[in-house]
4 protein chains.
Amino acid sequence: MKALVYHGPGKKSWEEKPRPAVAEATDAIIKILKTTICGTDLHILKGDVPEVTDGRILGHEGIGVIDEVGSAVTNFKKGDRVLISCISSCGKCAYCKRGMYSHCEKGGWILGHLIDGTQAEFVRIPFADNSLYHIPENVDDEAVVMLSDILPTGFECGVLNGQVKPGDTVAIVGAGPIGMAVLLTAQFYTPAEIIMIDVDDNRLEVAKTFGATSTINSRQEDPVAKIFNLTENRGVDVAVEAVGIPATFELCESIIAPGGHIANIGVHGKSVALHLETSWSRNITITTRLVDTATTPMLLKTVASKKIDPTRLITHRFPLQNIMQAYDTFQNAARDKTLKVILVAEA
Amino acid sequence: MKALVYHGPGKKSWEEKPRPAVAEATDAIIKILKTTICGTDLHILKGDVPEVTDGRILGHEGIGVIDEVGSAVTNFKKGDRVLISCISSCGKCAYCKRGMYSHCEKGGWILGHLIDGTQAEFVRIPFADNSLYHIPENVDDEAVVMLSDILPTGFECGVLNGQVKPGDTVAIVGAGPIGMAVLLTAQFYTPAEIIMIDVDDNRLEVAKTFGATSTINSRQEDPVAKIFNLTENRGVDVAVEAVGIPATFELCESIIAPGGHIANIGVHGKSVALHLETSWSRNITITTRLVDTATTPMLLKTVASKKIDPTRLITHRFPLQNIMQAYDTFQNAARDKTLKVILVAEA
Amino acid sequence: MKALVYHGPGKKSWEEKPRPAVAEATDAIIKILKTTICGTDLHILKGDVPEVTDGRILGHEGIGVIDEVGSAVTNFKKGDRVLISCISSCGKCAYCKRGMYSHCEKGGWILGHLIDGTQAEFVRIPFADNSLYHIPENVDDEAVVMLSDILPTGFECGVLNGQVKPGDTVAIVGAGPIGMAVLLTAQFYTPAEIIMIDVDDNRLEVAKTFGATSTINSRQEDPVAKIFNLTENRGVDVAVEAVGIPATFELCESIIAPGGHIANIGVHGKSVALHLETSWSRNITITTRLVDTATTPMLLKTVASKKIDPTRLITHRFPLQNIMQAYDTFQNAARDKTLKVILVAEA
Amino acid sequence: MKALVYHGPGKKSWEEKPRPAVAEATDAIIKILKTTICGTDLHILKGDVPEVTDGRILGHEGIGVIDEVGSAVTNFKKGDRVLISCISSCGKCAYCKRGMYSHCEKGGWILGHLIDGTQAEFVRIPFADNSLYHIPENVDDEAVVMLSDILPTGFECGVLNGQVKPGDTVAIVGAGPIGMAVLLTAQFYTPAEIIMIDVDDNRLEVAKTFGATSTINSRQEDPVAKIFNLTENRGVDVAVEAVGIPATFELCESIIAPGGHIANIGVHGKSVALHLETSWSRNITITTRLVDTATTPMLLKTVASKKIDPTRLITHRFPLQNIMQAYDTFQNAARDKTLKVILVAEA
């Protein structure tokens, strides 16, 4: 089969690889129908994720058709159409029992990381019963691809951890795909105001069409001053960090109201300054989280009932064999106005 | 009347001051029966709290007898024996309605800070109906003094924010009076293990008698190594910071298990390094809080029913007029093995 | 002034009454701008609420302008435009401190019940600081009238108590004004399906325009069978009882899924059969609640930000002096297709 | 092997049965070390549980040693000492993912009910990885037997559902083994008062030694009057029903304070009267639950750390082959002052 293979920092190719086979009784082999590219894949390609080794097939998102299941798989059978979660869950360790699948002792984020991933014609999914989901009828396939990672990430790490409530004022720092997923899913809880902050005017324009009530280009105006102005000098109830650098985290610290929640999603490469000299007395909650995809069943219901349309995150589509071009488009997001790309395998 | 008066950094005296009078209809004047000294009073005396001005009577804790009430006070009458909360609550601003009395628009921590305090023969308490509590019969007066500040601080900022649960492993960094209040009140939720960390062997010995299941003198052994050893390399579920310096906060970051809670209580003078480069994916919650004393009614019930004995925090007692000597003992805590001191006014 | 006065079962009149005056320092006198009629007023007129005595001015909803305030009122001043909560809260008893204003020791539901109410040109509001709310600018007056009672009742007793979550299936039994308020506010939490059940086709039609995804006329089809059909034989996650008779409560018991929540709002006149012989093992939660109006600030934010339009509940408008006609319209709801009526005082 | 076999209402015998074998890859075969008898076993013997058929081996509690595991079992191996949960959990259905194992689509309470149980020398446990727990070293075996059913039942259905908090007043109606388990585990949350109500003076005496702060023999004094007397006419915060008849449930309704929680545990045979005519406005929460044993890991930690001693529930011990005598003792609980019995298999 063909697959997108990592060959060390800066190097990848679309090449022939052996088709995966069932290795454990709990495995399933999936024929990929559609997949996508994640910002994390770009991190890997930069060499930021050293545990990814030469020869690894990348990708941890996608939908497909079950091609084969191991003998212990009971929820799925050949021919079932499934959503692949970016998180593999054994379903029987202490973390899985707490719903904290991200820290599963045998799983977690392993696809396209510690084992071969989904940017391929076929993929082996461990712990299939707990890591795959049936795709409901009448649900758009591309919408479902967004449920592999980006939508649960925005929802769990941003919206749930931020404890967004009706009437709240929410700021989202970073209008990339993750920030946009926060923007879409925050509206499940009907905040009064959602302020999107970024440096890219195109993305801010898109954010407005997605439901942002205000936008701030932080290269053009002071986001702290503007937010205090918008909130009667109170600050925001929830600030979501969706970039991953010290400046954006500290911005969240600067705009949060007493009693507020800062939800970090960004993948940070270094420490940030936590200003306890001012925040020790401000009743602030700060959270971090690797997505657990524990809310996938809930999110599937909201998609199936058309309460949210995650296909709005998709800006480009390519045949799977053109994945090198898709990477180029995804890497040049500002140039190409890219949010998420869809890769479609041949039937 | 006599009072302990601040006269700028390093200067205080026990001197004659005018007896306070009702200024607002919601005020009460209290004849102090017993008061105490807080670590915050020492901070003020160092000059760390510049909004405290020359001439201010210090103190924000104590019990007393109502001497006079304003015309709008309905919960209390002359002669009632009352607990004074360190936090004044107007009861009608948005923060008070949320139970976040610490951020009351007209109150909050003002006693011995922005208005005259309780280290005096009499004190004026604003918003008396929402800032005083009746002392139940048959409850030890000295136990009640601990409910003005230290016990709710340990409980709300440490135990509630840390979300201590039955079976948890809890680490408390700092065995001063606040850390000890965390230790006592954490046991309301029956954690399996409570590890106390400090540099003072005497305090660690005391902690053992208060219920710590392990103690670590971080000058003598590596607390991180020992904690991972005690927890099968998992770390602790809850880490409470009760010191207020970068090293102790970073220690909390080093020992927290995935999914764990770091509850900051310490009053910090500078920022700390938040290691998002490792913690971004570890599902950590970090909280800060100025005590709201919203749990005072609950704590009074636990004291009245003898589920907790806060008098164990008291190591020394002085007549109120000897308060200068009490300050000396409190400031030399290691020398005198001091936790909390009680000052007793003349009958 | 003129007022709607109760004179025993079945008797009421629009008549001259003395204008109210400040009686306590915490009172405010409000000139009524707009008021409405509640189903509870009809109960009173039937004689079902015997503590309401001859001569009582009815009404517990409305907006107005502050005409005078007592000396202890600090949040409001003459000329302020205010929302009157149906619940009076002293702000300083144990229940008020828990946010359970409905059970305030000196307040609770007293307006138009134990003291004179709002169906009048002027009304005295006790505990004004804790029982009134400023009307934000640019918010529709009639929308705000819906926040006195019906919207917080639907939201607190139905939606919050029912713990509606994104993706849930919710059934609302009773499409009267309260059920409609549940329908509108349930959407704050983005349930996947909302099934409205009633016996009045007109109301069911209206419910569809308000967001119901299915409707059931329980006179024409079996609601239990249809709901199990709609939910793959699982039942609903949340069932809200908004009628107040045994049959509708038992219907909720019949359709609730394991792990589900039954939220009672209905004012019941007799006991109902709780089928513990089947439900003891089904992990069901049943709640009751008298509205606390603790969520009024949150609801005001959702109205001000146009996340909800409560004026959709309003079907008829009358000048205040035509209140006898308004009562007729409200009492003949099916005939006149009435939900809520607005009574407008002369400027 | 020998086993206790049900032969229709009123009939049971200790007889030879074939030793169970692995049937599914997820099964484990356990050699029983210790087991016990549950009130539910008596219900079965009365014929109250018609789905239990002639020939069924009874029992759903116990500890043992793994004798054999199916090929898909990874958490356990031959020789491991394990706690058997009364609830079997497949770990991969929608209910299991929510932690609601009691309603597992393929499991739930099936042991000694729909499949052969633990009152035998060997038992087959389905879904072993999710239904067994390793017994920690240095933990008393008999204490662990109490974690199969009775302790999690008391804790989850009574204490967690009742939301017991520090300072609360809790009433427990029924001082049988389940009520006693509530009494022991309620103390994890440090309520101020625990009132035990029963008709058996011996059990009430035992309850006092287990931590009840008051006891009421409801044959000798009016429990409602006494409770209002004990609570300053307020009622209790939490009432736990641990009997299963209308009178005891209605007693809970009569003593609950506004805002309180009624947690039903009792297995009821008929409906009860829910007095909504008074409780509709009292902000009451009523819960039902079949134990999920989701808290077993937490409970094991509290036992291992000696925060609770469940062996206090054990009044009698018998060799397993004397189980007919043990049933007699358990059935004549008042006569023999029985709470729980332990049955010890031969080594």
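Below, chain A is the first sequence line, B the second, and so on; all start at residue 1.
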**OP:** Just jot down the side-chain contact (heavy atoms from CB on, under 4.5 Å) partners of B:L251, sequence neighbours excluded, or say none.
**Re:** B:V173, B:I197, B:P223, B:V224, B:I255
**OP:** With side-chain contact (heavy atoms from CB on, under 4.5 Å) as the test, would you mind laying out the steps for B:F127 and B:I87 before giving the verdict?
**Re:** CA-CA 10 Å; B:F127 314 117; B:I87 297 294; over 6 Å; no
Subject >> Side chain to side chain, A:L45 and A:L58, heavy atoms closer than 4.5 Å >> reply: yes
Original post:
Under a 4.5 Å heavy-atom cutoff, which of A:A263, A:A273, A:P258 has the most pairs with chain B?
Top reply: A:P258
Kindly provide each donor-acceptor pair between chain B and chain A shorter than 3.5 Å, listing atom names and distance.
from: B:H103; atom 1: NE2; to: A:S281; atom 2: O; distance (Å): 3.1
from: B:S271; atom 1: N; to: A:E277; atom 2: OE1; distance (Å): 3.1
from: B:V272; atom 1: N; to: A:L274; atom 2: O; distance (Å): 2.9
from: B:V272; atom 1: O; to: A:L274; atom 2: N; distance (Å): 2.8
from: B:L274; atom 1: N; to: A:V272; atom 2: O; distance (Å): 2.8
from: B:L274; atom 1: O; to: A:V272; atom 2: N; distance (Å): 2.9
from: B:E277; atom 1: OE1; to: A:S271; atom 2: N; distance (Å): 3.1
from: B:S279; atom 1: O; to: A:T288; atom 2: OG1; distance (Å): 2.7
from: B:W280; atom 1: O; to: A:R289; atom 2: N; distance (Å): 3.2
from: B:S281; atom 1: O; to: A:H103; atom 2: NE2; distance (Å): 3.1
from: B:N283; atom 1: N; to: A:T288; atom 2: OG1; distance (Å): 3.4
from: B:N283; atom 1: OD1; to: A:L290; atom 2: N; distance (Å): 3.0
from: B:N283; atom 1: ND2; to: A:D292; atom 2: OD2; distance (Å): 3.4
from: B:I284; atom 1: N; to: A:T288; atom 2: O; distance (Å): 3.3
from: B:I284; atom 1: N; to: A:T288; atom 2: OG1; distance (Å): 3.0
from: B:I284; atom 1: O; to: A:T288; atom 2: N; distance (Å): 2.9
from: B:I286; atom 1: N; to: A:I286; atom 2: O; distance (Å): 2.7
from: B:I286; atom 1: O; to: A:I286; atom 2: N; distance (Å): 2.7
from: B:T288; atom 1: N; to: A:I284; atom 2: O; distance (Å): 2.9
from: B:T288; atom 1: O; to: A:I284; atom 2: N; distance (Å): 3.4
from: B:T288; atom 1: OG1; to: A:S279; atom 2: O; distance (Å): 2.7
from: B:T288; atom 1: OG1; to: A:N283; atom 2: N; distance (Å): 3.4
from: B:T288; atom 1: OG1; to: A:I284; atom 2: N; distance (Å): 3.0
from: B:R289; atom 1: N; to: A:W280; atom 2: O; distance (Å): 3.2
from: B:L290; atom 1: N; to: A:N283; atom 2: OD1; distance (Å): 3.0
from: B:D292; atom 1: OD2; to: A:N283; atom 2: ND2; distance (Å): 3.4

Original post:
What pairs meet the ring pair (Phe, Tyr, Trp, His ring centres under 6.0 Å) rule with one or both residues in residues 152-171 of chain B, with sequence neighbours excluded?
Top reply: B:F155-B:F188
Original post:
Where do A:L111 and A:I125 land on the side-chain contact (heavy atoms from CB on, under 4.5 Å) test, with the steps shown first?
Top reply: CA-CA 8 Å; A:L111 280 181; A:I125 300 295; 3.8 Å; yes
Subject >> Interatomic spacing from CD1 in A:I172 to CG in A:L183 - rounded to 0.5 Å >> reply: 4.5 Å
Original post:
Highest number of heavy-atom pairs under 4.5 Å with chain A: which of B:I262, B:V291, B:V272?
Top reply: B:V272
Original post:
Hey, does A:I195 have a side-chain heavy atom less than 4.5 Å from the side chain of A:V170?
Top reply: no
